[in-house]
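Comments concern the structure below.
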There are 2 protein chains.
Amino acid sequence: MPTMTAAQKRAQAKMNYDAFLAGCPSRQLLDRISDKWVALILAALGEGSPQRPGDAGTGTGDTRAMRYSELSRRLAGISQKMLTQTLRALERDGLLSRTVTPTVPVTVTYELTPLGLSLHHLMHDIKAWAEAHMDQVLTQREQYDRHAA
Amino acid sequence: MPTMTAAQKRAQAKMNYDAFLAGCPSRQLLDRISDKWVALILAALGEGSPQRPGDAGTGTGDTRAMRYSELSRRLAGISQKMLTQTLRALERDGLLSRTVTPTVPVTVTYELTPLGLSLHHLMHDIKAWAEAHMDQVLTQREQYDRHAA
DNA sequence: CAGGATCCCGCTAGATACTG
DNA sequence: CAGTATCTAGCGGGATCCTG
């Protein structure tokens, strides 16, 4: 019989998640968040929030709440379907919260949860990396393609 | 006439990449790297490399070189097609190098370039995040699904 | 061993139209 | 404004067979 506490068991289980294994749930999660639109939505909702968690913000109020149409405009080229679909998935996973205000017409806002904010920091870096190394990658491609021709 | 140096111009151009814009090349790059298999390949090739770039490693020799079959085994469940395809794309973008050693049978190894290593650090954090917050996400999903039912 | 080539299914992402 | 519903084309991605 195990003498572990529940907390110990959960810590144990957490260590067992390994995205290298095909059946592991964490691989599905990795697949979910490894998505262009996820990266951009998190980036948009996290704009203006402190980049490093150290600065002791005013609690949860430091993430930007954005309306559906705002997001739609910010993420140029996204279809309503993908936007709604991705927002729903992120809401389901607890990464953002959806708030409906009964005005006329109705107002809906989306905001990062603390969990979502923690991922935002990482995703922001990915997006920044892509923008920062674009030149280098472009140069590499030219070289590769020239060599392959 | 601009009085900028070439370096200044390049810095200027770099700032102009914005993944929020539909036509921006950096969005395509973001799409490329926002991929489950990319994350796992980079994670596999970077295993054992120092997590923080500060520690002044022995130059470029601190990334692991892996063979095709090694990667295939490590990334449980990946098809040959996706593995080859993803490796080619990453090689083309200059994130990893492919080395052919003319033994019999031929030996092929893949290794991160410095550029790939810089992305590896970020991707590793994403993968680690997915594994670390799996429990929390799972709990959120249950709540969401119960409420929606 | 490390792929290349081919076939083909599925499901996703986009376009369009409609609604509370 | 903030979606839902429906249709469809396209291709992502797996399975299979073959090769230097």
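- Rounding to whole angstrom units, CD1 of residue Ile78(A) and P of dG14(C) are separated by 8 Å.
- Distances shorter than 4.0 Å separate some side-chain N or O of Arg88(A) from OP1 or OP2 on dT4(D).
- Comparing Lys81(A) and Tyr110(A) by the nucleotide of DNA chain D whose heavy atom lies nearest to each, the residue mapping closer to the 5' end is Tyr110(A).
- At the phosphate of dA2(C), OP1 or OP2 sits under 4.0 Å from a side-chain N or O atom of Arg67(B).
- The distance from atom CG of Asp35(B) to atom C1' of dC11(D) is 14 Å, rounded to the nearest whole Å.
- For the salt bridge (Lys or Arg N to Asp or Glu O under 4.0 Å) test, no residue two or more places apart in sequence or in another chain qualifies with Arg98(A).
- Going from atom CG of Leu83(B) over to atom P of dA2(C) covers 10 Å, rounded to whole Å.
- Within the nucleic acid shown, Gln85(A) comes within 4.0 Å of sugar-phosphate atoms alone, with no base atom in reach, counting heavy atoms only.
- Side-chain N/O atoms of Ser69(B) include one lying less than 4.0 angstrom from OP1 or OP2 on dA2(C).
- Arg27(B) has its CZ atom 14 Å from the C1' atom of dA13(C), to the nearest Å.
- Counting to the nearest Å, the C1' atom of dG3(C) and the CG atom of Leu71(B) are 13 Å from each other.
- Looking at which nucleotide of DNA chain D each of Tyr68(A) and Gln80(B) is closest to, the 5′-most match is held by Tyr68(A).
- With hydrogens and angles left out, the side-chain atoms of Glu111(A) and Ser97(A) include no donor and acceptor closer than 3.5 Å.
- Protein atom CE of Met66(B) is 15 Å distant from nucleotide atom P of dC1(C), rounded to whole Å.
- Considering only heavy atoms from C-beta on, Thr99(B) stays 4.5 Å or farther from Thr107(B) through its side chain.
- A donor-acceptor pair shorter than 3.5 Å cannot be found between the side chains of Thr109(B) and Tyr68(B).
- Atom P of nucleotide dG13(D) and atom CH2 of Trp37(B) are separated by 9 Å, given to the nearest angstrom.
- A donor-acceptor contact closer than 3.5 angstrom is absent between the side chains of Tyr144(B) and Asp93(A).
- Mapping Lys36(A) and Pro105(B) onto DNA chain C via the closest heavy atom, the residue that lands nearer the 5' end is Pro105(B).
- Rounded to an integer number of Å, the gap from CZ of Arg98(A) to P of dA2(D) is 10 Å.
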